Amino acid sequence: MSDPNNAMADLPTRVCARLNALLPDLRECTPHEGKYSLDDLKREGIPAPAVKVSCLGAKQDQTYAGAPATFLLLMAAYVVTRDGLGISRDILAARICQTLLAAIPEQTWGLDGIGPARTTAMHTLISTKVKSKAVSLWAVTWLQPISFFQPVPRSLGVELHVGIAPKVGADHVDDYEHVGGSDDE
């Protein structure tokens with residue numbers, strides 16, 4: 001069981017662990033803070049192929065009467081590839097993104113308080129500047145529901161008693177056997 005108080009902080013690391021298992025040929029798959037850009041690529045000089053996982057933000061999800069608020073995290077997996085081993089960077093990026101698109105929907109990543117991933121989408125972030133660095137930069141995004149509400153375990157206030165006929169009814173309440181309920185806590 002995971003610690004639901006750390007679900008949002010642990011999410012990128014859990015996603016990376018899962019993606020590393022799915023894509024063992026990645027040279028790197030690590031969490032990243034915020035949007036991944038060409039400036040980050042230049043500064044970090046990460047090896048390719050690589051995936052950077054980031055939480056880009058959150059917004060409140062639709063809340064129904066009486067239910068605690070839930071939120072939708074906007075998650076992104078940035079895919080960075082280079083030409084190599086007889087395969088073009090764009091083909092390799094497309095293959096990695098296809099794997100991510102197949103794997104991400106409905107994932108809860110094994111974390112408590114996290115709902116199934118939804119609204120998965122792919123984006124090519126190729127620009128003239130990216131091309132000039134001989135890399136391909138793509139992204140797969142998705143919405144990840146999260147709840148910070150932690151229900152407190154408590155009794156429902158229901159008790160179960162058994163009475164044996166003919167000793168039933170209000171006159172025989174003291175003859176009933178208590179078999180379960182609020183006294184069991």
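What's counted below: heavy atoms across the whole structure, side chains too, no hydrogens, waters or symmetry copies. Just so it is clear, the structure is predicted and the values come from calculations on it, not from any experiment.
Contact check for Y36 versus E44: side-chain heavy atoms found under the 4.5 Å cut-off. A heavy-atom distance below 4.5 Å is found between the side chains of T124 and W138. Proximity of I96 to L26: side-chain heavy atoms (C-beta onward) are separated by under 4.5 Å at one or more points. Between L100 and V79 the shortest side-chain heavy-atom distance falls below 4.5 Å. The shortest side-chain heavy-atom distance between L74 and L143 falls under the 4.5 Å cut-off. Proximity of P145 to T70: side-chain heavy atoms (C-beta onward) are nowhere separated by under 4.5 Å. Between Q98 and M122, the closest side-chain pair of non-hydrogen atoms is not below 4.5 Å. You'll find the side chain of C55 stays beyond 4.5 Å of the side chain of Q144, heavy atoms only.
The shortest heavy-atom contact between Q60 and A69 is NE2-CB, 3.5 Å. Smallest separation of non-hydrogen atoms from P116 and E106: CB-OE1, 3.4 Å. The two atoms that bring V53 and C16 nearest to each other are CG2-SG, 3.6 Å, heavy atoms only. Between P12 and M8 the shortest heavy-atom distance is CD-O, 3.6 Å. Across all their heavy atoms, K35 and L56 have their closest contact at N-CD2, 3.6 Å. A165 and V168 make their closest contact through N-CG1, 3.9 Å (heavy atoms, listed as atom of the first residue, atom of the second, distance).
With no hydrogens or angles considered, a side-chain donor-acceptor pair links D40 and S37 at under 3.5 Å. A donor and an acceptor atom, one from each side chain of Q107 and W142, are nowhere located under 3.5 Å apart.
For the atom pair CD (E28) and CG (N20), the distance works out to 9.5 Å, reported to the nearest 0.5 Å. Taking CG from D61 and CG from L72, the interatomic distance works out to 4.0 Å, rounded to the nearest 0.5 Å. Distance CD1/I146 to CG/L111: 8.0 Å, rounded to 0.5 Å. From I104, atom CD1 reaches atom CZ of R18 across 10.5 Å, with rounding to the nearest 0.5 Å. Here T141 contributes atom OG1 and H123 contributes atom NE2; the two are 3.0 Å apart, rounded to the nearest 0.5 Å. Between atom OG1 of residue T128 and atom CG of residue L38 there is a gap of 11.0 Å, rounded to the nearest 0.5 Å.
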V179 and H161: CA distance, side-chain angles, deciding distance, side chain to side chain contact (heavy atoms under 4.5 Å, CB included) verdict: CA-CA 6 Å; V179 294; H161 298 264; over 6 Å; no
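The same ILVMFWY cluster, assembled from side-chain heavy atoms under 4.5 Å apart, contains both F148 and L11. Hydrophobic clustering of Ile, Leu, Val, Met, Phe, Trp and Tyr side chains at less than 4.5 Å, counting indirect connections, unites V51 with L22.
In this structure, the side chain of H178 engages the main chain of G180 through a donor-acceptor pair within 3.5 Å. Proximity of a side-chain donor or acceptor of R14 to a complementary backbone N or O of W109 within less than 3.5 Å is detected.
Residue R82 places its CZ atom among more than 12 non-hydrogen atoms of other residues, nucleotides or ligands, all under 6.0 Å distant.
If you run side chain to side chain contact (heavy atoms under 4.5 Å, CB included) between T81 and each of L137, L92, I87, D90, only L92 comes through.
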